[in-house]
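Naming: A, B, ... by sequence-line order, numbering from 1 per chain.
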There are 2 protein chains.
Amino acid sequence: MIGCMGRWEPNGRGRLAQAALDLYVERGFDQTTVAEIAERAGLTERTFFRHYADKREVLFDGSAMLQQLMVDAAAAAPDDASPLEATAAALVAVGEMFDERREFARRRHSVIVANPELQERELIKLARLTEAIAATLRERGVGEPAASLTAQAGIGVFHVSFQRWVAPGETRRIGELMREGVEELRAVMR
Amino acid sequence: MIGCMGRWEPNGRGRLAQAALDLYVERGFDQTTVAEIAERAGLTERTFFRHYADKREVLFDGSAMLQQLMVDAAAAAPDDASPLEATAAALVAVGEMFDERREFARRRHSVIVANPELQERELIKLARLTEAIAATLRERGVGEPAASLTAQAGIGVFHVSFQRWVAPGETRRIGELMREGVEELRAVMR
DNA sequence: CACTCGATGTCAGCCGCTGACCTCGCCTAT
DNA sequence: ATAGGCGAGGTCAGCGGCTGACATCGAGTG
């Protein structure tokens, strides 16, 4: 019951993720083959593809958890909260988790900005997240297109704030950058 | 000077695009090989890749023109126009062109919604478009993060409106949907 | 001690994509 | 008019991402 440790070492999945990030940083995404990742993790190429749908997905393992966190936070907002307030609650919810892992985020981000294929994957994760939040708002009684537009604005603020947050030299916390972003967007739409 | 018609038939690039869209619609993106596209166009696989960087790009030929159109429109807005007004001008500029090609857009869209890889490509095109508009706003003297947030809001409205515009049964023009979207977003941010 | 079951290994193969090199046919200059 | 430039296309070989089918191992279960 406790075993389940594959054939040899435990946590093959985690070893693959670690090996992949290391290699992507060391020599670049394109210059890394899946066989090399698997070898460094002490596994085979075929096993890599059992854990991750493709070579890119290994960098996006946390996105499901992020989505769950944000959706839960938006759903838990008080009934009388406005769509924007519920969305803002989702943003606040992820703030702490991000601030704890800034260096990891920078490392990962440096790989992604260097490769268009990875940016595509990041963008579709963001789009799915947007849809999930829009669905949550709809369940809260928000109509269309208001729900989609609000979710889009919220994720837009998140995205812009995230990019500022990982920029070299930036020391403010992501929550502060997101608050500032919401205010700025309000001002611009006024 | 006028010749330049490849080795046999003229417009190989266009024939490839037509063959690709037809096949993607007929049997799906995944079930279509590049060799088949090339064969239907009377060319070879290798030639396909000389015209298009990859199998997906053939569906996104028009995006460069779209970007140019929107950037020019935003840049041409009067000096005293607000960031939001300049961005709205970019939206208006694409309205007519889209309305003229609604059936083509629906056909193309049906292929894209059926395939995540194609959605990724669409999203990165939208992201590049967003960056281009943000850059235009910056040239107009708008600071950061206001420029990025405004561009993101504008493209967000465009995206949501486009999806409503291609939905089956929808008859309103895209310009009207975008105007409505901007108003809705304003209301939600208030 | 079989037996099941989930995780991994092995192997063969398709297809997207690329580099290197060759061919064809129009165009221009001498 | 002929030579050579040049751009579009063809041919071939090969890498690497990804998959299906099947074998194997190790741990828990009866």
Closest heavy-atom pair and its distance - A:Leu149, B:Gly156:
CD2-O, 4.4 Å

Whole-Å distance between [N] [atom2] and [X] [atom1]?
X       : N      : atom1 : atom2 : answer
B:Glu45 : D:dC15 : CD    : P     : 17 Å
A:Arg56 : C:dG16 : CZ    : C1'   : 13 Å
A:Arg46 : D:dG17 : CZ    : P     : 14 Å
B:Leu43 : D:dT11 : CG    : C1'   : 14 Å
A:Phe48 : D:dG16 : CZ    : C1'   : 13 Å
B:Asp54 : C:dG16 : CG    : P     : 11 Å
A:Glu39 : D:dG17 : CD    : P     : 13 Å
B:Tyr52 : D:dG9  : OH    : P     : 11 Å

Row check, A:Phe60 ring normal vs A:Arg108 NZ/CZ: under 6.0 Å, within 45°
yes

Given the ring of A:Tyr52, does A:Arg13 sit roughly above its face, with NZ or CZ under 6.0 Å from the centre of the six-membered ring and within 45° of the axis?
yes

Pick the nucleotide of DNA chain D nearest each of A:Lys55 and B:Thr44; which residue has the one closer to the 5' end?
B:Thr44

Considering only C:dT18, D:dC18, D:dG9, which nucleotide approaches the side chain of A:Phe49 most closely?
D:dC18

Closest nucleotide among C:dT8, D:dG20, D:dG9 to the B:Arg50 side chain
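The nucleotide sitting nearest to the side chain is D:dG9.
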
Going by distance alone, is a donor N or O of one side chain under 3.5 Å from an acceptor N or O of the other, for B:Ser148 and B:Glu144?
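Yes, B:Glu144 and B:Ser148 have a side-chain donor paired with an acceptor closer than 3.5 Å.
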
Any side-chain donor paired with an acceptor under 3.5 Å for B:Asn115 and B:Gln119?
no

Respond yes when some side-chain nitrogen or oxygen of B:His51 is under 4.0 Å from OP1 or OP2 of D:dG9, and no when none is.
yes

Does anything in residues 23-36 of chain B reach DNA chain C, meaning a heavy atom under 4.0 Å, and if so which residues?
B:Thr32, B:Thr33, B:Val34

Show your working on salt bridge (charged side-chain N to carboxylate O under 4.0 Å, His left out) between B:Arg173 and B:Glu176 and close with a plain yes or no.
CA-CA 6 Å; B:Arg173 304 175 73 208; B:Glu176 186 186 339; over 6 Å; no

Residue A:Arg27 excluded, over 12 heavy atoms near CZ under 6.0 Å
yes

